A.B. asks: 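Let me give you the structure first, and then I'll get to my questions.
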Amino acid sequence: MDLSKGQIIRKDLRRNWIIYLMALPVIAYYIIFHYGPMYGLQIAFKDYSPAGGIWGSPWVGFKHFDSFFNGIYFWRLIRNTVLINVYDLIFGFPSAIILAILLNEVRRMMFKRVVQTISYLPHFISIVVVAGMLFDFLSRDGLINQLIGFFGVEPIDFLKEAGWFRFIFVSSGIWQGVGWGSIIYLAAIANIDPTLYEAAKIDGANRWKQIFHITIPGIMPTIVIMFILNMGNLLSVGSEKVLLLYNPLTYETADVISTYVYRKGILEASYSFTAAVGLFNSVISLILIVSANAISKRVSENKLW
Amino acid sequence: MGAQTTGEKIFNVINTILMLLLCFVTLYPFLYVLFASLSEASSFIQHRGMLLRPLGFNLEAYKAVFENPMITSGYRNTLLYVAAGTTINLFMTALGAYVLSRRNLYFKNVMMFGIVLTMVFSGGLIPNYILINKLGMMNTPWALLIPGAISTFNLIIMRTAFQGVPVSLEESARIDGAGEFTILFRIIIPLSMPVIAVMILWYAVGHWNSYFSALVYLRDRTMYPLQLVLREILIANSTDSMSTGVAADDKYAIGETIKYATIIVSTLPIICLYPFLQKYFVKGVLIGAIKE
């Protein structure tokens, strides 16, 4: 009983050494591939040279942050990143909730299942294929232009005009994700106590009233949790899709922080500068998700942690 | 269901129309691509508007796709990455999930905290790139397989499932002399098969669809996965190499149908398997959701 903590741990290590051995690859993985890059982030404050390495390169303080904040692209990148995400939050986020509510109101089970199965499908199509299809449908002589041509509209080169980029990005995102996104809300709706609906019906509530007074409040905790998670991603719009869809003609509205990091960092090899840009991005995301969680905890008692 | 009021009926009709519209908007692009890929190139190029069936029937485009060495090597590479990557994912995730599902383990909370922290903060692209370079993984398949060996989200789902396996089973196995590995592979994993199936699917689809790490880490075109080849064909618009031997006039026409055939060929495995696998995919989301 009077063993010290160190002795207890040593004893446990001796007896259960296999389990600690099993933990080793996992710990090693996280340290190397997750904490390694975090350690590497210090190059944001250095002038990284491959010869000097991460440790040997000289410290330069906030030089790279300075040149990013004062660079000509700073506001454009912030505006594009935030706007694409805000549009996605305004249009994309509710669309999955609305679909879940409408699906829940479908009374014929077979039909409901068919709709669900079809709506999930695009989620599994690779982003490259989705982008490829967009390119084709939206090109100057593509399907969309052919269709609007019947109404006398002049052909529009959608993907070459900066003004269309955000609309295309957000709406194709909804097309791809709305069905899949609705699953979690459907599950939440399924957990609502059915007697609530019966009571409401007896009180004379119609379908609309049931939706607004039972369904939506019932899934509010899920909505809040998903919203917090989305807040954390507010600045990290996936470079993967933008990278496929944009081109120099649309940089004006399409270039976001992560694609800028890819171009400057990987293609032009200015490592320290883009590491600083990336760090700025991560820190803002962290602040957003922590504050969204804190606010939500205070006002609604829903929280992620 | 009882009598419906007029309002209810209108609601149902509008809702049904909306749902049908959603199905149409979701499915039609795929059907268009399929019809276009099967069409006679020359008549397709003259056609305007929607396609409701293939225009003629011609498998030239598919022939061109399958004769393209980049597509076939991309296909082979992707299959390899999917198989190797998913195996590594599964092994590492199961190991981590088993360790973290143990009740009495020192450092468990520290480990858990350290792992969850990586979900909200990361080093980002450039430090990762430098690391992969340092480790000598640049331009090797390892760069696609190892850095993503564990998805933290999947790890947490699997841990939750492992925790649901009754302790008594483990204990009786231990009395029979089973070691940790035996317990994991003979008892815990077989009893968690639904979750394991979900994980296999998620990881495999992830590898099948991924292009970004290959874009960043691979230089050698012979190692390109299918998605990177597709990117060149669909986005950079380089079907020329595939239509060699075709007269110059027809080149443009067949180039168009080749693009559609490429989409079909690269998406076919998922589309074919999808109806059978769909419920497992969904199950994964639900298992993940229960945790919150």
Side-chain angles (χ1 to χ4, degrees), chain A residues 9 12 18-19 22-23 25-27 29-30 33-34 36-38 40-41 43 54 102 105-107 115 117-122 124-129 131-133 135-137 143 146-147 150 175 183-184 187 206-207 225 232 240 244 261-262 265-266 271 274-275 278-279 281-282 286 289, chain B residues 1 7-8 11 15 18-19 22-23 25-27 29 32-33 48-49 92 95-96 98-99 102 105-106 111 114-115 118 120-131 147 149-150 179-180 205 209 211-212 216 227 230-231 234-235 259 263 266-267 270 274-275 278 281-282 285-286 289 292:
Chain A
I9 290 174
D12 190 53
I18 297 180
I19 196 90
M22 288 168 109
V26 178
I27 295 171
Y29 166 77
Y30 274 96
F33 291 101
H34 288 272
M38 288 189 206
L41 263 177
I43 66 163
I54 291 171
L102 291 181
E105 297 297 328
V106 173
R107 290 290 178 256
V115 176
T117 304
I118 290 173
S119 71
Y120 303 156
L121 180 66
F124 298 102
I125 305 305
S126 83
I127 200 73
V128 179
V129 166
M133 283 162 63
F135 264 81
D136 240 88
F137 292 142
L143 179 64
Q146 290 172 17
L147 292 178
F150 289 130
W175 177 80
I183 296 174
I184 198 150
N206 62 23
R207 295 273 274 278
I225 294 289
E240 304 211 354
L244 292 167
V261 167
Y262 171 77
I266 307 288
Y271 297 134
T274 42
L279 177 58
N281 198 3
S282 303
L286 188 65
I289 194 167
Chain B
M1 209 152 293
E8 292 250 302
F11 182 98
N15 198 15
L18 279 176
M19 293 296 114
L22 174 79
C23 291
V25 170
T26 308
L27 274 186
Y32 182 91
V33 170
R48 309 258 97 200
M92 289 292 284
L95 216 55
Y98 180 64
V99 170
R102 292 279 301 243
L105 184 77
Y106 287 96
M111 248 180 99
I115 286 170
T118 64
V120 287
F121 192 79
S122 72
L125 179 63
I126 302 302
N128 265 301
Y129 181 80
I130 292 173
L131 176 74
I150 298 175
E180 302 289 350
V205 171
N209 282 341
Y211 87 95
F212 190 68
V216 173
Q227 299 298 334
L230 282 181
R231 176 173 171 267
L234 299 176
I235 316 287
K259 270 195 258 171
I263 292 178
S266 61
T267 316
I270 289 187
Y274 174 72
Q278 192 238 122
F281 284 127
V282 173
V285 178
L286 300 183
E292 305 292 7

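Numbered from 1 within each chain, the chains take letters A, B, ... in sequence-line order. Computed from heavy atoms alone, side chains included, the values below leave out hydrogens, waters and symmetry copies. This is a predicted model, so every value here is computed, not measured.
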A.B. asks: Please confirm whether the backbone N or O of A/P37 pairs with a side-chain atom of B/N128, one donor and one acceptor, at under 3.5 Å?
C.D. replies: no
A.B. asks: At a heavy-atom separation under 4.5 Å, does A/I54 approach chain B through its side chain, its backbone, both, or neither?
C.D. replies: both
A.B. asks: Please flag which part of A/L244 lies under 4.5 Å from any non-hydrogen atom of chain B: side chain, backbone, both or neither.
C.D. replies: both
A.B. asks: If you look at every heavy atom in B/S122 and A/S282, which pair is closest and at what distance?
C.D. replies: O-OG, 3.6 Å
A.B. asks: Looking at A/L147, A/L143, A/V115, which makes the most heavy-atom pairs under 4.5 Å with chain B?
C.D. replies: A/L143
A.B. asks: Where on B/F121 is there a heavy atom nearer than 4.5 Å to chain A: the side chain, the backbone, both, or neither?
C.D. replies: both
A.B. asks: Taking all heavy atoms of B/P127 and all of B/G124, pick out the closest pair and write down the distance.
C.D. replies: CD-O, 3.6 Å
A.B. asks: Identify which of A/I183, A/T117, A/I9 forms the greatest number of heavy-atom pairs closer than 4.5 Å to chain B.
C.D. replies: A/T117
A.B. asks: Please rank A/I27, A/I125, A/V261 by heavy-atom pairs under 4.5 Å with chain B and give me the top one.
C.D. replies: A/I125
A.B. asks: Picking from A/I19, A/I289, A/D12, A/T274, which has the most non-hydrogen pairs under 4.5 angstrom with chain B?
C.D. replies: A/I19
A.B. asks: Sort B/I130 into side chain, backbone, both or neither according to what part of it lies under 4.5 angstrom from a heavy atom of chain A.
C.D. replies: side chain
A.B. asks: Hey, which of A/F137, A/F150, A/F135, A/F124 has the most heavy atom pairs under 4.5 Å with chain B?
C.D. replies: A/F124
A.B. asks: When only pairs under 4.5 Å are counted, which of A/L279, A/V128, A/I43 shares the most heavy-atom pairs with chain B?
C.D. replies: A/V128
A.B. asks: Which bit of A/Y30 is near chain B, if near means a heavy-atom gap under 4.5 Å: side chain, backbone, both or neither?
C.D. replies: side chain
A.B. asks: Can we say B/R102 and B/E180 salt-bridge, meaning some charged N sits less than 4.0 Å from an Asp/Glu carboxylate O?
C.D. replies: yes
A.B. asks: Sub-3.5 Å donor-acceptor pair from the side chain of A/Q146 to the main-chain atoms of B/G49, do we have one?
C.D. replies: yes
A.B. asks: Where do A/E105 and B/N15 come nearest, in terms of heavy atoms and distance?
C.D. replies: CB-ND2, 3.5 Å
A.B. asks: Write down the atom of B/I235, the atom of A/G132, and the distance for their closest heavy-atom approach.
C.D. replies: CD1-N, 3.8 Å
